[in-house]
Amino acid sequence: MDRQTIVPMATDCKDYEPVRIESHWQDYWKKDKTFRAVDFSERPKFYVLDMFPYPSGAGLHVGHPLGYIATDIFARYKRMRGFNVLHPMGFDAFGLPAEQFAVEHGVHPRVTTGKNVANMVRQLKRLGLSYDWDRAFATTDVDYYRWTQWIFLQLYHSWFDPGRNRARPIDDLVEMLESGKLRIGRDRRILFPSRDETEDGKPDSSGGRDWNGLSETEKREVLAAHRLAYLADVHVNWCPALGTVLANEEVTNEGRSERGNYPVYQRPLKQWMLRITDYVKRLEDELDLVDWPEPIKLMQHNWIGRSEGAVAHFPVGGEPATDAAAARGESAPALSVFTTRPDTLFGATYMVLAPEHPLVDQLATPDRHDAVAEYKRQAARRTELERQADAKTKSGVFTGAFAVNPVNNERIPIWIADYVLMAYGTGAIMAVPAHDERDFEFAKQFQLPIRAVVMPGDDWLKEQADKTAADAGINGAPIDEIRRRYIRHPDVFPEAFVGQGLSINSSNDEVSLDNLATPDAKRTISRWLKDKGLGRTHVQYKLRDWLFSRQRYWGEPFPILHGPDGEILAVEEDELPVELPEMEDFRPHGSDDPDAPPRPPLGRAPESWRFVERNGVRYQRELNTMPQWAGSCWYYLRFCDPDNRERFAGPEAERYWMLGGKAKGQAENGGVDLYVGGAEHAVLHLLYARFWHKVLHDLGHVSSPEPFGRLFNQGYIQAFYYEDERGMRVPADKVVDQDGKPAEQVQDEPDRRFFFEGKPVTQRYGKMGKSLKNAVTPDDMCEEYGADALRAYLMFLGPLEAMKTWNTQGIEGISRFLKRIWREYVDRDGNRHPKIADTAESNPDTLRLLHETIKKVGEDIEELRFNTAISQMMIFVNHLQKAESFSIETARSFLKLLAPFAPHLAEELWARLDDRSSISAASWPEYDPARLEGAKVKVVFQVNGKYRGDALVDKGADQDTVLAAAKDHSKVAAHLEGKTVRKVIYVPGRILNIVVS
RNA sequence: GCCCGGAUGGCGGAAUGGUAGACGCUGCGGACUUAAAAUCCGUUCCUCGCAAGAGGGUGAGGGUUCGAGUCCCUCUCCGGGCACCA
C-alpha cells in the first residue's frame with residue numbers, strides 16, 4: 001500500500017439514517033485522505049477528469065453533478081481495480097459572469113468568486129465525490145495564472161515549422177534567417193521550400209529578400225508574421241454596449257451578444273491572435289489518436305472544415321482597369337480564387353470579391369467609384385443579423401473592372417458582393433452560375449451570363465423541366481430536347497445543377513474536359529493550371545486564427561509590454577506573474593456608439609501598474625486580458641503537480657500522469673484516461689486545449705500528443721417548467737394540478753391542468769436551471785434522501801449520454817433499494833443481521849446470481865452503463881431478501897459492487913462486518929465463469945418464429961434430443977398438430993425453431 | 001438547406017438478429033396496523049375470452065431472414081451541431 005490508513009469505525013445508527021452516516025464517512029475520508037493520488041506509485045495510473053465548472057452564484061442543481069457522479073463511480077471502481085487514480089477538481093473562475101455580478105453588487109469579483117467556489121466545494125463534498133481535494137485550485141489563483149501567462153509566452157516565442165510540421169523556438173527561425181537558409185517573400189512571409197507548393201496566391205518568382213538586408217522594424221514584422229501569438233488588425237465582433245470584442249461563439253445567430261443580447265458590429269481592431277491555423281492539419285489528422293465519440297470527432301472535422309480544390313489566378317485585364325493601374329505605375333494584379341470545382345472553370349462568367357478585399361479600391365473604375373464606396377460602407381455597417389435576414393436576396397455592385405478567364409481568355413466582369421466572405425479562401429471567387437446556387441441567384445438578379453459546363457442526369461433535367469412554366473418550352477418535352485436546351489440555355493431552368501456529371505462546353509486549344517467525369521475533369525484542369533503557372537491544387541480550411549484578447553478586467557493579464565515606437569516586448573519568465581491590479585472601478589465602459597474606441601478597464605489601472613521602465617524606456621502594459629478559454633486550456637496539466645513553484649508541472653509528474661504505462665484500460669496514446677463533460681464543449685474548449693497541448697508537446701514540455709485520450713459526453717437533465725399568462729416563469733415547486741396535487745407528482749400524466757397561486761399556468765419543458773425556475777438542488781435531495789440515493793438515482797435515470805427528464809418522485813425507488821440493503825445487513829437493534837452466516841455460501845442460486853451480478857456490474861461500469869448496473873444490483877438484492885440466509889462472503893462481495901455507487905452506505909455496512917479498513921481500499925471481486933450457468937440451460941421453443949414454450953435441457957444436448965423435448969411440450973405439440981415440419985433451426989443452448997407449413 | 005443523434009406501456013427505461021417491455025416510478029387490489037406512515041405480497045402493453053388460451057403490438061410504409069425493436073431502403077416527427085465556407 002502507498003499509505004497509512006486510519007481504522008474506520010461504523011456509526012451507532014440503528015436505522016438507515018443517510019444524513020448522519022454520510023457526514024460521518026465524509027469526515028473519515030477527509031481525515032484519512034483516502035482519495036489522495038500518489039505521485040509515482042508503483043500501481044498503474046488512471047486519470048479521471050471532469051470538465052471543471054464555472055462557480056456561478058446560483059450554486060448547483062441536480063443536473064450539474066451528473067457527470068461528476070459518473071466519473072466518481074468510475075474512479076472508485078478503478079481504485080478497487082488496483083489503479084492509482086488521479087481524480088481532481090478545480091474551478092474555471094475568470095470570466096464575464098463574475099465580473100457582471102460584481103458590477104451589479106459592487107463587490108470585487110475576487111470576493112464573489114471566492115464565495116461561489118466555497119459554496120460549490122461544500123455542495124460537491126456533500127455528494128461524497130472522491131476528489132483529491134489537496135489538488136484543487138481556481139484559474140484565478142495567481143499561482144495558476146502565472147503559468148497561463150507562461151504558456152502564452154511559449155506561444156509568443158514560437159513559430160510553426162511547416163517542414164517539420166511542428167512548433168519550434170523563434171530563435172531557431174532567426175538563426176536560419178541569419179544564415180541565409182530562408183528568404184522572405186511577399187507580405188513578410190518567409191518562403192519555406194516545403195510550403196511553396198501550397199502557399200496561397202501567386203508564386204513568388206523573385207526568390208525573396210535576404211533577412212540581413214532588412215531594417216529592425218522589418219525584422220520584427222517578419223517574426224511577428226510567424227509567431228504563434230501575434231497582434232493583428234482583424235475584423236472582429238465588436239459589442240459597444242459591453243465594451244468588448246466577442247468571439248464568434250459568443251455571438252448569437254441573430255448577430256447579438258450571447259450575454260445581454262446587445263447588437264454586435266464588424267469592425268477592424270488590433271487584437272491578439274493565436275495562430276491555430278498552422279496546426280489545422282494536425283488537429284484534424286490526430287483525431288485518429290483519441291477514443292472519442294464519433295459525433296464529436298465529426299463536429300471537430302466540420303469546424304475545421306477541410307475542402308479540397310484548386311487555386312486559380314485570373315489576370316486583371318482589359319480597360320479601363322489596367323489603364324488606371326498603369327497610370328499609377330502599377331503592374332496589373334492577378335486575382336486568386338479558391339474553388340472546389342476547378343472542373344467548372346470554363347463556366348466562370350464573372351468574378352466576385354468580398355467588399356473588404358484589399359484590391360477593391362484599386363480595381364474600381366472612376367465612374368464606379370462612388371457606387372463601390374457606398375456598397376462597402378453599407379456592408380460594413382450591416383450587422384450579422386441583417387446579412388442573415390437578407391441571405392435569400394443577393395446584393396452587390398459592379399466595379400467596372402474586368403478579369404481574364406485563364407482557360408478561354410474571355411473578359412469577365414468583376415463585382416463585389418457581401419455573399420463572398422473575406423475570411424474564407426482568398427476573399428474572391430470565380431462565379432460559375434450554372435453550377436452554384438449562390439452564383440446562380442446572383443446571376444439571375446443582375447442578368448449575368450449563365451453557361452452550362454456539366455451535363456446533369458436525365459432525372460434532374462426532367463424534374464427541373466416539370467417545374468418550369470409551359471411557355472419555356474421544355475415542360476413535358478422529350479428528354480433529347482430538354483438536354484439540348486440545357487446545353488444552350490441553362491438559365492431557363494429554375495435551379496443550378498450542383499452535382500457531378502460529364503463536362504461539356506469545356507475545351508480550349510490545349511486542354512479539353514469534354515466528356516470527362518467530374519473527378520477526372522478536376523484532375524485534368526488542375527494539372528493544366530499548374531503546368532501553365534495559372535494555379536495549383538489546394539486544400540482550404542474553414543478554421544480561422546483564434547482571437548485571443550478581451551477588453552475586460554476579470555481575466556489573465558497579458559505578459560506583454562508596448563514600447564513607444566510600437567515595439568512589443570515580452571515580459572521575462574522570471575518576472576511572472578503579471579498580477580491583475582487591484583481596482584476600484586473595473587467595469588467595462590460600454591457605449592451606444594459603434595465607432596467609439598475600446599476602453600479596456602485596465603486602461604484605468606494605477607499608473608504604477610500600467611507603466612514599466614526597461615533600459616530607460618517607458619513601456620505600457622498590454623491592457624487587454626485573455627479570454628475565459630485560456631484557463632481551461634491546460635488545467636488538466638496543473639492537476640498533475642498543482643503546487644509546483646518552478647514549473648507549470650514537474651516533468652516527471654506530467655509524464656507519470658499524462659503518459660503512464662500501457663496498463664489495460666488506460667488511454668492508448670496517453671492523455672487523460674477518461675474525460676467527461678457536456679457536448680457543448682465539443683468544438684471550442686476541446687479544440688483550443690488540443691492546440692495548446694500540441695504546442696507544449698512540440699516544445700518538449702508535455703509527453704503525450706493529445707490531452708484527452710478517452711472522452712465521454714453526458715446528456716443534460718431537463719425538467720418541466722411553468723409559465724403564466726404573461727409568459728413569466730413561475731417556481732415549478734409551487735405549481736399544483738386541478739386536484740391540488742403538487743405538479744412534480746403528476747408532471748407527466750395526461751389531462752392535467754396546472755395552477756400557480758390559483759392562476760392557470762402552462763407546462764413547458766426545458767433544460768433545468770435558474771432561469772426557468774425549475775431547478776432542484778442536490779442539497780434538498782441529500783437532506784431528504786441522502787447523497788447515496790441521489791447519486792444512484794441520477795445514474796439510474798437512463799443512459800449517461802442521453803438527455804433525461806428529472807422526476808423527483810422516481811428517487812423513491814432507489815431510496816427503497818438502499819433501505820432494503822440496510823435491512824438485509826442490519827437488524828432492528830443495529831447489530832449484524834442474523835441472516836448473514838459465517839459459513840460458505842450454500843445457496844447455489846445466490847452463488848450463480850452473485851457471479852452474474854459481479855460480471856454485469858463490472859462490465860457496465862467499464863462502458864459507463866450505470867443504469868443497467870444498478871438494475872442488476874436491484875435484482876440481486878431482491879433475491880437476497882427472499883433467501884433464508886446468505887454468507888458473509890456474499891455480503892462482502894455485494895458491498896464492493898455497491899461501493900462506487902453508494903459509497904457511504906457501503907463503508908458503513910463494511911465497517912459493521914468487522915472490516916478494519918475502508919472499502920475504498922478493498923479489491924474488486926472476480927467472477928467465476930464456471931458459476932454463471934448450471935448444468936442445464938433453458939431453450940426456447942418456437943413454431944414459425946413464435947414462442948410456444950421452453951424447457952431446461954442438458955448443456956451439451958444435440959438437436960434431436962432438444963427437438964424431442966419440444967415435441968413433448970403440450971403447447972408446441974398443439975401447434976404442430978396436422979402440420980408438416982419443413983425445417984428445424986437449432987441455436988445450441990438458446991432456441992429451437994420449428995418451421996411448419 | 002447540410003451533417004449527426006433519436007422515436008419501445010400512463011412515465012423513466014431494458015433487450016450479442018432468438019420469449020419485447022428487465023429494473024424502477026405511478027395506478028389498482030391485498031396483508032400488517034385502532035389508524036396512518038413505513039414494510040411486505042399480488043397486479044398493471046392492447047383486443048377478444050368466465051377461463052385455459054388466441055390474436056395484435058417497438059413512429060409510418062416496404063425489404064432481407066426460419067426469426068427484425070435490432071440489418072437495408074423510403075418517409076414523418078423530435079433533439080443537437082453547422083449554415084452565403086465558393
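Every chain is numbered from 1 and lettered A, B, ... according to where its sequence line falls, protein lines coming before strand lines.
A donor-acceptor pair shorter than 3.5 Å cannot be found between the side chains of A:Asp788 and A:Tyr785.
In terms of phosphate contacts, A:Lys856 brings no side-chain nitrogen or oxygen within less than 4.0 Å of OP1 or OP2 of B:U16. Of the side-chain N and O atoms in A:Arg865, none sit less than 4.0 angstrom from OP1 or OP2 of B:A14. For B:A38, the OP1/OP2 oxygens have no side-chain nitrogen or oxygen of A:Arg823 closer than 4.0 Å. Proximity of A:Ser307 to the phosphate of B:A86: a side-chain N or O atom is located under 4.0 Å from OP1 or OP2. A close approach under 4.0 Å does occur between a side-chain nitrogen or oxygen of A:Lys983 and OP1 or OP2 of B:C66. Under 4.0 angstrom from either OP1 or OP2 of B:A54 there lies at least one side-chain N or O belonging to A:His975. Distances shown here put a side-chain N or O of A:Gln881 below 4.0 Å from the OP1 or OP2 atom of B:C40. Within the 4.0 Å cut-off from OP1 or OP2 of B:G24, not a single side-chain nitrogen or oxygen of A:Asn867 is found. For the pair A:Arg816 and B:A37, the criterion of a side-chain N or O lying under 4.0 Å from OP1 or OP2 is not met.
A gap of 24 Å separates the C1' atoms of B:C11 and B:G80, to the nearest Å. A distance of about 41 Å separates the P atoms of B:C84 and B:A15, rounded to the whole Å. For B:C66 and B:C48, the P atoms lie 36 Å apart once the distance is rounded to whole Å. The P atoms of B:A37 and B:G27 are separated by 12 Å, rounded to the nearest whole Å. For the C1' atoms, the distance linking B:C41 with B:G56 amounts to 31 Å, nearest Å.
Test A:Lys819, A:Lys835, A:His833 against A:Glu824 for side chain to side chain donor-acceptor pair (under 3.5 Å) and you get one pass: A:Lys835. With A:Leu534 as the partner, the side-chain contact (heavy atoms from CB on, under 4.5 Å) test is satisfied by one option alone out of A:Ile525, A:Val311, A:Leu529, A:Leu345: A:Leu529. Each of A:His301, A:Lys297, A:Gln300 was evaluated against A:Glu284; a single residue qualifies, A:His301, per the side chain to side chain donor-acceptor pair (under 3.5 Å) test.
Pair assignment for B:C82 gives B:G1, based on Watson-Crick or G-U wobble hydrogen-bonding distances that are each under 3.5 Å. Checking B:C28 for Watson-Crick or G-U wobble geometry (two distances, each under 3.5 Å) identifies B:G42 as its partner. With a cut-off of 3.5 Å on both Watson-Crick or G-U wobble distances, the partner of B:C77 is given as B:G6. Using the Watson-Crick or G-U wobble rule with both distances under 3.5 Å, B:U47 pairs with B:A54. The nucleotide B:C23 finds its pairing partner in B:G12, both defining distances of the Watson-Crick or G-U wobble pair being shorter than 3.5 Å.
Within 4.0 Å (heavy atoms only), A:Thr868 reaches sugar-phosphate atoms of the nucleic acid but no base atom. Among the heavy atoms of the strands lying under 4.0 Å from A:Ile985 is at least one base atom, whether or not backbone atoms are also near. Looking at heavy-atom distances under 4.0 Å, A:Ile429 makes contact with a base.
A:Gln942 contributes a side-chain N or O that forms a donor-acceptor pair with the base of B:G18 under 3.5 Å.
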>> Test salt bridge (charged side-chain N to carboxylate O under 4.0 Å, His left out) on A:Lys467 and A:Glu495; report intermediate values, then the result.
In response: CA-CA 10 Å; A:Lys467 288 187 197 166; A:Glu495 285 171 29; 3.1 Å; yes
>> Could you walk me through whether A:Lys741 and A:Asp737 satisfy the salt bridge (charged side-chain N to carboxylate O under 4.0 Å, His left out) test, starting with their C-alpha distance in whole Å, then the side-chain angles of each, then the deciding distance to 0.1 Å, before giving a yes or no?
In response: CA-CA 5 Å; A:Lys741 285 192 192 159; A:Asp737 77 345; 5.6 Å; no
> Between A:Trp806 and A:Tyr793, is a ring-ring contact (aromatic ring centres under 6.0 Å, His included) present by the stated rule, with each step listed?
Replying inline: CA-CA 10 Å; A:Trp806 177 258; A:Tyr793 180 53; 5.3 Å; yes
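Note that CZ of A:Phe817 is 13.5 Å distant from CD1 of A:Ile811, once rounded to the nearest 0.5 Å.
The distance from atom CZ of A:Phe440 to atom P of B:C84 is 21 Å, rounded to the nearest whole Å. The distance from atom CZ of A:Arg820 to atom P of B:A38 is 13 Å, rounded to the nearest whole Å. To the nearest angstrom, C1' of B:A14 lies 12 Å from CD of A:Gln872. Per the geometry, CD1 belonging to A:Ile870 stands 15 Å off C1' belonging to B:A22, to the nearest Å. Nucleotide B:A20 holds its P atom 9 Å from the CD1 atom of A:Ile991, rounded to whole Å.
Ring geometry for A:Tyr688 against A:Trp546 counts as parallel: the plane angle stays under 30°, on a 0 to 90° scale with 60° as the upper cut.
Comparing A:Met874 and A:Gly798 against RNA chain B, the residue whose closest nucleotide sits nearer the 5' end is A:Gly798.
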Could you run down the sub-3.5 Å N/O contacts of the protein with nucleotides 44-51 of chain B?
none

